[in-house]
Q: 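Pasting a structure here, questions to come.
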Amino acid sequence: MSEARPVHTWLTDMDGVLVHEEDPIAGAAEFIEALKTSGVTYLLITNNSIYTPRDLRARLLGSGIDVPEDRIFTSALATADFLDEQRPGGSAYVVGESGLITAMHDIGYVMTDRNPDYVVLGETRTYSFEAITKAIRLIENGARFIATTPDASGPSHQGTLPATGSVAALISTAIGQRPYFVGKPNPLMMRSALNRIQAHSETTVMVGDRMDTDIVSGLEAGLRTVFVGTGSTRPDDVPRFPYKPTKVVDSVADLVDLVAEWA
């Protein structure tokens, strides 16, 4: 890192890096404050499509982490950006929560179950057999199949939760057609995030806790990457992957002093 170009931009995942559900990870608030005081640009990137950035700001604030709304970028926003480029002013049947629905409305999309251009699948805690069946039939009738992320599961205090990828697999098995996944590990989400804040890949670092999403998408987008051992991928498993992060640390607390040093 000392021989590389200075770091002007930090991208960081949320769950597993800054928080565990509602519980802050030690050093997270200090890391965000270090980013603010150093003058670098930063953006929180999450595959969570349930909440709007305003919702996520409130949740983080409740955990003692103060992040402005415009510093949060979700897979719902990345999906909306993608569809706005592909087919501006289109229509979609959306299976998801307010984060995804709001993002779709904001780009001028019409929500409909009558011959939509797309079926867009996001994360929700209230999947229904009726909604999934309708999605299947609309895709069979010609709607294009999009999903926010391939994450098959997510963490909770009670244990593992099925996520978007699991429901996408259910639909794919029924119709023999896979969706196009917009969120991590698709580097498209990284490039969309960089464009949003007018940042350059060569001077950007991605911080994440998952080797199979955060680290690989950062690597494929040309970013330097930092793995923190407080989330989904166990630190002992890092050497088993065919690619490696630029740096491995125990937690985000180890990055507080490095923000100024790498700048």
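Quick caveat: nothing in here was measured; it's all calculated off a predicted structure. These values consider heavy atoms only, across backbone and side chains, with no hydrogens, waters or symmetry-generated copies. When a residue number appears, it is its place in the shown sequence, counting from 1.
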Q: Checking side chain to side chain donor-acceptor pair (under 3.5 Å) against Y51, which of R59, E97, R57, E123 comes through?
A: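 When side chain to side chain donor-acceptor pair (under 3.5 Å) is applied between Y51 and each of R59, E97, R57, E123, only R59 qualifies.
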Q: Other residues, nucleotides and ligands only: do more than 12 of their heavy atoms fall within 6.0 Å of CG on D257?
A: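 Not buried by this count: 12 neighbours or fewer within 6.0 Å.
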Q: Given the rule that I, L, V, M, F, W and Y join up when any side-chain heavy atoms are under 4.5 Å apart, are L11 and V252 in one cluster?
A: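 Different clusters: L11 never reaches V252 through Ile, Leu, Val, Met, Phe, Trp or Tyr contacts under 4.5 Å.
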Q: If you measure from CE on M206 to CD1 on I215, what distance do you get to the nearest 0.5 Å?
A: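 The distance works out to 7.0 Å.
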Q: Please find the pair of heavy atoms, one from A34 and one from T37, that lie closest to each other, and give the distance.
A: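 Reported closest heavy-atom pair: O-OG1, 3.3 Å.
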Q: Evaluate whether atom OH of Y243 has more than 12 neighbouring non-hydrogen atoms of other residues, nucleotides or ligands under 6.0 angstrom away.
A: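 It does: Y243 OH has more than 12 such atoms within range.
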Q: Provide the full list of side chain to side chain donor-acceptor pair (under 3.5 Å) pairs with a residue in residues 165-186, sequence neighbours left out, each pair given once.
A: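 Counting only pairs at least two positions apart or across chains, the side chain to side chain donor-acceptor pair (under 3.5 Å) contacts touching residues 165-186 are D13-K184, Y180-N186, K184-D214.
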Q: Look at the side-chain heavy atoms of Ile, Leu, Val, Met, Phe, Trp and Tyr, link any pair under 4.5 Å apart, and say whether I65 and F31 land in one connected group.
A: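 Yes, I65 connects to F31 through the hydrophobic network.
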Q: Strictly distance-based, threshold 3.5 Å: is any side-chain N or O of D209 a donor or acceptor partner for the main-chain N or O of S232?
A: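 Flag set: sc D209 to bb S232 pair under 3.5 Å.
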Q: Taking the side chain as every heavy atom from C-beta outward, state whether V95 and K134 have any pair of such atoms under 4.5 Å apart.
A: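 Answer no - side chains too far apart.
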Q: Is it the case that D55 and T52 place a side-chain donor and acceptor less than 3.5 Å from each other?
A: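 Yes, a side-chain donor-acceptor pair sits under 3.5 Å.
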Q: May I ask you to check whether over 12 heavy atoms, not counting those of R71, lie within 6.0 Å of atom CZ?
A: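 Yes - once you tally the heavy atoms of other residues, nucleotides and ligands closer than 6.0 Å, there are more than 12.
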Q: Hey, are the side chains of L77 and R196 touching, using non-hydrogen atoms and a 4.5 Å cut-off?
A: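 SC-SC contact between L77 and R196 confirmed.
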Q: In Å, rounded to the nearest 0.5 Å, how long is the span from CD1 of I175 to CD1 of I139?
A: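 One finds 4.0 Å between CD1 of I175 and CD1 of I139.
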Q: Can you name the nearest heavy-atom pair linking A103 to A80, along with the distance?
A: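 Smallest interatomic distance, heavy atoms only, reads O-CB, 3.6 Å.
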Q: Looking at side-chain heavy atoms only, is the closest gap between S201 and R191 below 4.5 Å?
A: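 Answer no - side chains too far apart.
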Q: Would you name the heavy atoms of A174 and I136 that are closest together and state the gap between them?
A: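 Reported closest heavy-atom pair: CB-CD1, 3.7 Å.
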Q: Looking at Y93 and A135, what are the two nearest heavy atoms and their distance?
A: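 What the structure gives for the nearest pair is CE2-N, 4.0 Å.
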Q: With a 4.5 Å heavy-atom cut-off, do L18 and I32 have their side chains touching?
A: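 Yes. Closest side-chain heavy atoms under 4.5 Å.
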Q: Would I45 and M190 satisfy side chain to side chain contact (heavy atoms under 4.5 Å, CB included), going step by step from the backbone distance to the final call?
A: CA-CA 8 Å; I45 299 184; M190 293 296 180; 4.0 Å; yes
Q: Do the rings of W262 and W10 sit parallel, tilted or perpendicular, given the 30° and 60° boundaries?
A: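 Ring orientation, 0 to 90° scale: parallel.
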Q: Rounded to the nearest 0.5 Å, what separates atom OG in S98 from atom CD1 in I50?
A: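 S98 atom OG to I50 atom CD1 measures 8.5 Å (nearest 0.5 Å).
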Q: Identify the heavy atoms of V17 and T12 that sit nearest to each other, and give their distance.
A: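 Looking at all heavy atoms of both residues, the shortest contact is CG1-OG1, 3.4 Å.
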Q: If we only count heavy atoms from C-beta on, is the L60 to I72 side-chain gap below 4.5 Å?
A: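 Sidechains of I72 and L60: in contact.
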Q: Can you find a heavy atom in the side chain of T79 that is under 4.5 Å from one in the side chain of S49?
A: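 A side-chain contact is absent here, since even the closest heavy-atom pair is not under 4.5 Å.
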Q: Which heavy atom of D151 sits nearest a heavy atom of N47, and at what distance?
A: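 In terms of heavy atoms, the two residues are closest at OD2-ND2, 3.1 Å.
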Q: Can you establish whether the number of heavy atoms outside D70 located under 6.0 Å from its atom CG is more than 12?
A: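 Buried by this count: over 12 neighbours within 6.0 Å.
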Q: With hydrophobic residues grouped by side-chain heavy-atom distances under 4.5 Å, do L194 and Y42 end up in a single group?
A: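 Different clusters: L194 never reaches Y42 through Ile, Leu, Val, Met, Phe, Trp or Tyr contacts under 4.5 Å.
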Q: Measure the spacing between CG of N115 and OG of S91 and express it to the nearest 0.5 Å.
A: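 Taking CG in N115 and OG in S91, the distance rounds to 8.0 Å.
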Q: Roughly how far, to the nearest 0.5 Å, is the CG atom of L100 from the NE2 atom of H105?
A: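 Output value for this atom pair is 10.0 Å.
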Q: Salt bridge check, E33 against K36: does any charged N sit closer than 4.0 Å to a carboxylate O?
A: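 A salt bridge links K36 with E33.
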Q: State yes or no: do L255 and V238 share one hydrophobic cluster built from I, L, V, M, F, W and Y residues joined by side-chain heavy-atom distances below 4.5 Å, directly or via other members?
A: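 Unlinked, L255 and V238 end up in two clusters.
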Q: Go through the steps to decide whether M104 and L83 satisfy the test side chain to side chain contact (heavy atoms under 4.5 Å, CB included), and finish with yes or no.
A: CA-CA 9 Å; M104 297 295 289; L83 294 180; 3.5 Å; yes
Q: Rounded at 0.5 Å granularity, tell me how far CZ in F181 sits from CD1 in I146.
A: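 Those atoms lie 10.0 Å apart.
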Q: Are the side chains of N48 and M14 in touch, meaning some heavy atoms are under 4.5 Å apart?
A: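 No, every pair of side-chain atoms sits at 4.5 Å or beyond.
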Q: Is the shortest heavy-atom distance from the side chain of Y127 to the side chain of T164 under 4.5 Å?
A: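 Yes. Closest side-chain heavy atoms under 4.5 Å.
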